[in-house]
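Here's the structure we're looking at; comments come further down.
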Amino acid sequence: RIGVIVDAIVEKAVTDVEAKYDGIQPEQLKTIRPDAKLRQRLNKTVSRTLNEGWKIGVISASGEIGLIRREFTADQQRLDLASSDFLDFASFTMTGNITDKVFELIRGIITTGVQNDKSLSTVKKEIYEGLASRGLVTENAVIKALGAKPGNIKNTDALISTMTRTNMFKAVNDARHSYFTDPEMGGFVEALEYSAILDERTTAICEHLDGTVHPATSDIWDTYRPPNHHNCRSILIPVTAVDTWSESDTPTLDPQKGFA
């Protein structure tokens, strides 16, 4: 669904360019930006998508605690406020990241096209091929615009999918962290343990953090709460008052750039 709306944003931008490409002036390139209504629609769709991740996080956290002590539960009103803050920021950020990447490419290709007297059809082709190569448009949109998908590109919307999965996992983990550290829990969750999936896809940072334990309210989780890289699959699991635990050493590896 997110990809479909990005397609609409791109199509609207290309249509606008088609109407004024001949004779376009350099200063006009700055006005090529996302349609306001479509951008708002994208933001709402991202928010709804991430909200599903938040719900999954709350349900899983509640279930895990309930298996140990049924009397402990987080305050729903406080969780709702935390959810609202998270969704407002995360959806705004993800929407901005997507549209910034899309329009940086579009403006660059149009600028080059104007400077080199390229035809409108060539510029349009380069826009869609460029977006496809960067994973920023669906296959259907490319086929609709160009008549065929570029043969050397496997997943034309790979980056959009990666950003969606990564932010979904962030929603899950932020919800779980909010639940485990809620004051209504009375400190029952004393610490959190980093749990990574260990296989051929495991990154160095997640392998380094797997099994490490730190107090639930430790500042370490401000830096190392998953996701710690694109497509991160790790989660934080609760260590409660009925468990025996000791704090791990401070991590020595950094998350992927942009995730700390």
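Here, residue 1 is the first one in the sequence, and each next residue gets the next number. These values consider heavy atoms only, across backbone and side chains, with no hydrogens, waters or symmetry-generated copies. All of these numbers come straight from a predicted model, not from anything done at the bench.
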Inset, instruction - Apply side chain to side chain contact (heavy atoms under 4.5 Å, CB included) to the pair Tyr194 and Ile220, showing each step before the final yes or no. - result: CA-CA 11 Å; Tyr194 197 100; Ile220 282 179; over 6 Å; no
Inset, instruction - Would you sort out whether Val123 and Val114 count as a side chain to side chain contact (heavy atoms under 4.5 Å, CB included), showing the intermediate values? - result: CA-CA 9 Å; Val123 168; Val114 170; over 6 Å; no
Inset, instruction - Might you work through the side chain to side chain contact (heavy atoms under 4.5 Å, CB included) test for Lys144 and Asn140, ending with a clear yes or no? - result: CA-CA 6 Å; Lys144 178 182 177 181; Asn140 287 339; over 6 Å; no
Legend entry - Trace of the side chain to side chain contact (heavy atoms under 4.5 Å, CB included) decision for Glu184 with Thr73: CA-CA 7 Å; Glu184 285 296 310; Thr73 184; over 6 Å; no
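A pairwise comparison of heavy atoms in Gly53 and Ala171 identifies C-CB, 3.9 Å as the closest pair. Between Met168 and Thr49, the shortest heavy-atom contact is SD-O, 3.0 Å. The two atoms that bring Gly57 and Ser60 nearest to each other are O-OG, 2.9 Å, heavy atoms only. Heavy-atom minimum distance, Met185 versus Ala74: SD-N, 3.8 Å. Smallest separation of non-hydrogen atoms from His229 and Gln256: CA-OE1, 3.4 Å. Listed here is the closest heavy atom pair of Pro251 and His208: CA-NE2, 3.6 Å.
At least one side-chain heavy atom of Thr202 sits under 4.5 Å from a side-chain heavy atom of Arg233. Side-chain contact between Phe169 and Pro226 is absent, with no heavy atoms from C-beta onward closer than 4.5 Å. Counting only heavy atoms from C-beta outward, the side chains of Arg69 and Thr240 never approach each other to under 4.5 Å. Residues Lys101 and Arg134 are not in side-chain contact: their nearest non-hydrogen atoms beyond the backbone lie 4.5 Å or more apart. Between Tyr128 and Glu11 there is a side-chain heavy-atom pair separated by less than 4.5 Å. For the pair Ser84 and Trp54, the minimum side-chain heavy-atom distance is 4.5 Å or more. Under the 4.5 Å side-chain criterion, counting only non-hydrogen atoms from C-beta, Asp243 is not in contact with Glu190. Under the 4.5 Å side-chain criterion, counting only non-hydrogen atoms from C-beta, Ile68 is in contact with Phe188.
Among the candidates Leu236, Leu253, Leu192, Asp254, the single residue satisfying the side-chain contact (heavy atoms from CB on, under 4.5 Å) test with Tyr224 is Asp254. Residue Leu131 is tested with Leu159, Thr156, Leu136, Asp7 for a side-chain contact (heavy atoms from CB on, under 4.5 Å); the sole match is Leu136.
To the nearest 0.5 angstrom, Arg176 atom CZ is 4.0 Å from Glu64 atom CD. Expressed to the nearest 0.5 Å, how far CG of Asp88 lies from OG of Ser47 amounts to 7.0 Å. With rounding to the nearest 0.5 angstrom, the CG atom of Asn228 is 11.0 Å from the OG1 atom of Thr166. To the nearest 0.5 Å, atoms CG (Leu50) and CG (Leu87) are separated by 6.5 Å. Within the model, atoms CG of Asp210 and CD of Glu193 stand 7.5 Å from one another, a figure rounded to the nearest 0.5 Å. From Phe86, atom CZ reaches atom CG of Leu79 across 13.5 Å, with rounding to the nearest 0.5 Å.
A continuous path of hydrophobic side-chain contacts links Ile2 to Leu38 [ILVMFWY only; heavy atoms under 4.5 Å]. No single ILVMFWY cluster, assembled from side-chain heavy atoms under 4.5 Å apart, contains both Tyr179 and Val172. Note on Leu120 and Ile106: same hydrophobic cluster, where clusters join Ile, Leu, Val, Met, Phe, Trp and Tyr whose side-chain heavy atoms are under 4.5 Å apart, directly or indirectly. Cluster annotation: Phe180 is connected to Val242 through the hydrophobic network of ILVMFWY side chains, with a link wherever side-chain heavy atoms come within less than 4.5 Å. Under a hydrophobic-cluster definition in which Ile, Leu, Val, Met, Phe, Trp and Tyr are linked whenever side-chain heavy atoms come within less than 4.5 Å, directly or via other members, Val17 and Ile109 are assigned to the same cluster.
The side chain to side chain donor-acceptor pair (under 3.5 Å) contacts involving residues 211-223 comprise His214-Glu247, where partners must be two or more places apart or lie in separate chains.
Panel note: side chain Asn51, backbone Ser83; no donor-acceptor pair is recorded below 3.5 Å. Under the 3.5 Å distance criterion, the side-chain polar atoms of Arg107 are matched with a main-chain donor or acceptor of Ile32. One N or O on the side chain of Asp75 and one on the backbone of Arg78 form a donor-acceptor pair closer than 3.5 Å.
Heavy-atom contacts from other residues, nucleotides or ligands closer than 6.0 Å to CG of Asn116 number more than 12.
Ring geometry, His230 versus Phe259: the interplanar angle exceeds 60°, so the pair is classed perpendicular (tilted spans 30 to 60°).
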